[in-house]
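Below: one structure, written as structure tokens.
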Amino acid sequence: IAAASLVLVLVALSSTFTKYVPKSGQRISQSLSRGWGDQLNWVQTYEEALSLSRSTNKPLMVLFHLEDCSQSLKQALAHDDEIQRILDEDFVVLNVIQETEDQNLSPDGKYVPRIVFVDPSTTVRDDIVGPYSNRLYTYEPTDMKHLLENMKKAKNDLHPAQ
């Protein structure tokens, strides 16, 4: 009986400390996540991301960073359950280390980290900005609430694919 009680306590504790798991179950960790959310289905290229965004009518979130980018920002985003859940359920996600040729993805310059939202109509949402006036599309680890609000705005103010 003591062993059964111990098992129940361990099960209760483990469920308290679990992180967000997608509806489709735990996904295999993939190198495309680069640590930004292993359970998300990251796409490989911008072209693939645009195509998937159009076909699913979901907004695209493009995260520009360097390989050795701020670990604190990566940890903040990867460990925010609400952000991970919304990204998994409502967004197409792409993270890129190299700049794309599309100048629309750098409305105020090429810097990292930078997060840009794109509608299924392939319109870059340059109106959805972070909290900094000198780098409009950057976020710090303490800005996850601001990022979450911007994700909701990108999701709710869609310009659908034509």
Side-chain angles (χ1 to χ4, degrees), residues 19-24 27 30-162:
K19 56 189 271 188
Y20 170 73
V21 176
K23 286 182 191 175
S24 58
R27 297 201 177 110
Q30 48 180 300
S31 61
L32 292 177
S33 78
R34 298 182 180 100
W36 293 92
D38 289 343
Q39 74 279 7
L40 300 176
N41 282 324
W42 296 91
V43 293
Q44 194 162 1
T45 65
Y46 183 53
E47 293 72 23
E48 178 187 354
L50 289 175
S51 175
L52 188 58
S53 175
R54 280 191 302 267
S55 68
T56 60
N57 204 38
K58 291 180 178 182
L60 164 63
M61 186 181 92
V62 185
L63 168 62
F64 293 89
H65 64 98
L66 297 175
E67 192 68 58
D68 57 353
C69 200
S70 167
Q71 291 299 313
S72 55
L73 177 61
K74 187 181 288 189
Q75 293 298 316
L77 193 142
H79 291 98
D80 187 304
D81 285 348
E82 188 173 6
I83 286 176
Q84 292 292 305
R85 180 185 58 76
I86 292 173
L87 288 176
D88 181 53
E89 295 174 2
D90 301 321
F91 281 82
V92 174
V93 287
L94 169 68
N95 73 57
V96 289
I97 297 171
Q98 293 183 318
E99 288 288 342
T100 65
E101 297 299 316
D102 189 338
Q103 296 300 312
N104 294 315
L105 289 173
S106 48
D108 68 333
K110 295 182 178 186
Y111 54 86
V112 291
R114 181 171 87 247
I115 297 176
V116 179
F117 295 96
V118 183
D119 272 335
S121 67
T122 70
T123 302
V124 174
R125 295 295 306 273
D126 59 7
D127 60 315
I128 301 178
V129 297
Y132 305 101
S133 60
N134 60 335
R135 290 184 168 198
L136 294 177
Y137 306 95
T138 201
Y139 297 84
E140 296 293 331
T142 55
D143 300 326
M144 293 303 98
K145 186 173 182 174
H146 192 111
L147 176 60
L148 184 60
E149 291 304 313
N150 280 348
M151 289 168 55
K152 290 176 181 177
K153 183 177 181 183
K155 177 183 147 191
N156 294 330
D157 299 341
L158 280 183
H159 301 128
Q162 301 298 321

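With contacts defined as side-chain heavy-atom distances shorter than 4.5 Å, the pair Leu158/Pro59 qualifies. With contacts defined as side-chain heavy-atom distances shorter than 4.5 Å, the pair Ser106/Arg114 qualifies. Looking only at side-chain heavy atoms (C-beta outward), Gln84 and Asp88 stay at 4.5 Å or farther from each other. A heavy-atom distance below 4.5 Å is not found between the side chains of Val93 and Leu63. Taking the side chain as every heavy atom from C-beta outward, Lys153 and Asp127 approach each other to under 4.5 Å. Proximity of Thr138 to Tyr111: side-chain heavy atoms (C-beta onward) are separated by under 4.5 Å at one or more points.
In this structure, CD1 in Ile115 is found 10.0 Å from CG in Asn95, a value given to the nearest 0.5 Å. Annotation: the span from Asp157 atom CG to Ile128 atom CD1 amounts to 6.5 Å, rounded to 0.5 Å. From Leu147, atom CG reaches atom OG1 of Thr142 across 11.5 Å, with rounding to the nearest 0.5 Å. Distance check: Asp108 CG to Tyr132 OH gives 14.0 Å after rounding to the nearest 0.5 Å.
In this structure a side-chain-to-backbone donor-acceptor pair under 3.5 Å is present from Tyr137 to Asp126. With hydrogens and angles ignored, the 3.5 Å screen pairs a side-chain donor or acceptor of Asp102 with a backbone N or O of Asn104.
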Could you walk me through whether Leu77 and Tyr139 pass side-chain contact (heavy atoms from CB on, under 4.5 Å), step by step? CA-CA 10 Å; Leu77 193 142; Tyr139 297 84; over 6 Å; no
From CA spacing to verdict: side-chain contact (heavy atoms from CB on, under 4.5 Å), Leu94, Met61: CA-CA 6 Å; Leu94 169 68; Met61 186 181 92; over 6 Å; no
Could you go through the salt bridge (Lys or Arg N to Asp or Glu O under 4.0 Å) check for Lys155 and Glu89 one step at a time? CA-CA 11 Å; Lys155 177 183 147 191; Glu89 295 174 2; over 6 Å; no
May I have the step-by-step check of side-chain contact (heavy atoms from CB on, under 4.5 Å) for Leu73 and Met144, ending in yes or no? CA-CA 9 Å; Leu73 177 61; Met144 293 303 98; 3.6 Å; yes
Evaluate the criterion side-chain contact (heavy atoms from CB on, under 4.5 Å) for residue pair Phe91 and Leu40; output intermediate values, then yes/no. CA-CA 10 Å; Phe91 281 82; Leu40 300 176; over 6 Å; no
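The shortest non-hydrogen separation linking Val96 to Phe64 is CG2-CD2, 3.2 Å. Here the shortest heavy-atom pairing between Leu136 and Ser133 reads CD2-O, 3.8 Å. Between Val129 and His146, the shortest heavy-atom contact is O-NE2, 3.1 Å. Annotation for Ser53 and Val118: closest pair OG-O, 4.4 Å, computed over non-hydrogen atoms. When every heavy atom of Asp90 is checked against every heavy atom of Lys58, the shortest pair comes out as O-CB, 3.6 Å.
Remark: Arg125 is not positioned above the aromatic ring of Phe117, lacking an NZ or CZ atom under 6.0 angstrom from the ring centre and at most 45 degrees off the axis.
Classification of Arg135 and Glu140 as a salt-bridged pair fails, no side-chain N sitting under 4.0 Å from a carboxylate O.
Of the residues Asn57, Val92, Leu52, Leu50, the one that meets the side-chain contact (heavy atoms from CB on, under 4.5 Å) test with Pro120 is Asn57. Tested against Ile83 for a side-chain contact (heavy atoms from CB on, under 4.5 Å), the candidates Ile86, Leu87, Asp81 yield a single pass: Leu87.
Annotation for Glu48: atom CD counts as buried by contact number, over 12 foreign heavy atoms lying within 6.0 Å. Few gaps surround NZ on Lys110; more than 12 heavy atoms of other groups in view lie less than 6.0 Å from it.
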